[in-house]
Amino acid sequence: MGHTKAAVLVVVLAVVVLGLATDGQAQLQNGYYTGKCRGDDVEAVVRGIVKARFAQDSAIVAHFLRLLFHECGVNGCDGGLLIDGPGTEKTAKPNLSVKGYDLIATIKMELEKRCPGVVSCSDIEILATRDAVNASTGQGYAVRTGRRDRRRSIATDVKLPGPDFTVPQAAAFFGTLGLSSDDMVVLLGAHTVGVAHCSMIKKSRLYSYGGKAGATDPSMDPELASIYKTYVCPNTASSDNNIVFLDDRSSASKLDNSFYKMLQRRRGALMVDQNLYNDGSTRWMVDRLANTDHFRWLFPQALAKLGEVNVLTGTQGEVRRVCSRFN
């Protein structure tokens, strides 16, 4: 009798948990492409191409992390960002500096040679990002596949968090994706390999904080503010495109937790980042990630979760033949 009750409980729990997932998430699976590519291992093909690029250009990690967030943050992980043409997601202002499209196209071309019309562009984005993270950290993690590509890509759909967002504003955005504020703090850790431009911090943090002429954000470490104002982002239009590292320069190419240690020292460049420490509701999570090695395993978990936002599966959408255009 005890066994029967336990079995019933397990079934009930499984139904409840699946009920929380979207239909699309429920149809994703580990190893979806096994046996579907004429004997080729799809994930191994992707991994080989990404590793070769990483050996030449380690910045591909930052490029793919950004591409994935800008992809999945708009209508879900559906390949919409990859479409070329006027008025597409790619043309929206926040996406003009997204990079990595060429490598997605290279991977797709190779897979089309091996098994035409099988592997979706949205799955390639997920697998390639995972493999770039793995190449950088040595840490692999499983992702589920089986996504399909959406026949929609419209610039006006693109509404991503701004560099000056408060924690409540950013948390509300992540909430629309079904992600928690903890997920948000972990995913913003991708900025450990990120860069921004002076134009994103000059007005809001260095020269016109709170709309007051000449005011500098008091939550920024004064020494850092002085370096920015003197050397990196002087108050002239010509400095707008100068590069600002979002993590300590010595760690800017490493996916590690030093970004959170910077926030503890009030050395976050973007306001949205520093706000994670300034706001009491998320500070404890920043402290946890700075003071432990938990980022190492929480980051892959959060990326896998981001990669399952609002996906198409089954017969929904299509599997594009070329990632930059609809079939």
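Only a predicted model underlies this, so the values are computations on that prediction, with no experimental measurement involved.
- For the residue pair T192 and D247, a side-chain donor N or O sits within less than 3.5 Å of a side-chain acceptor on the partner.
- Side-chain polar atoms of T166 and N275 form no donor-acceptor pair below 3.5 angstrom.
- Of the possible polar contacts, none joining the K90 side chain to the G87 backbone as a donor-acceptor pair under 3.5 Å is found.
- The aromatic rings of F69 and F174 lie parallel to each other, with less than 30° between the two planes, well short of the 60° mark.
- In this structure, a donor-acceptor pair under 3.5 Å is present between the side chains of Q264 and N291.
- Taking the six-membered ring for Trp and the full ring otherwise, F295 and Y260 have centroids separated by under 6.0 Å.
- There is no side-chain donor-acceptor pair under 3.5 Å between N241 and H197.
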Could you pull out every donor-acceptor pair under 3.5 Å between side chains of residues 208-215 and any protein atom, sequence neighbours left out?
none

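- For the disulfide bond (SG atoms under 2.5 Å apart) condition, the pairs that include at least one residue of residues 80-129, sequence neighbours left out, are C37-C115, C121-C323.
- Side chains of K254 and S136: a donor-acceptor N/O pair is absent below 3.5 angstrom, by distance only.
- Side-chain atoms of R320 come within 3.5 Å of backbone N or O of G79 as a donor-acceptor pair.
- Inspection of the T88 and S153 side chains reveals no N or O donor paired with an N or O acceptor under 3.5 Å.
- Judged by distance alone, the side chain of T129 and the main-chain N or O of E125 form a donor-acceptor pair under 3.5 Å.
- Neither side chain, Y101 nor D84, offers a donor N or O lying under 3.5 Å from an acceptor on the other.
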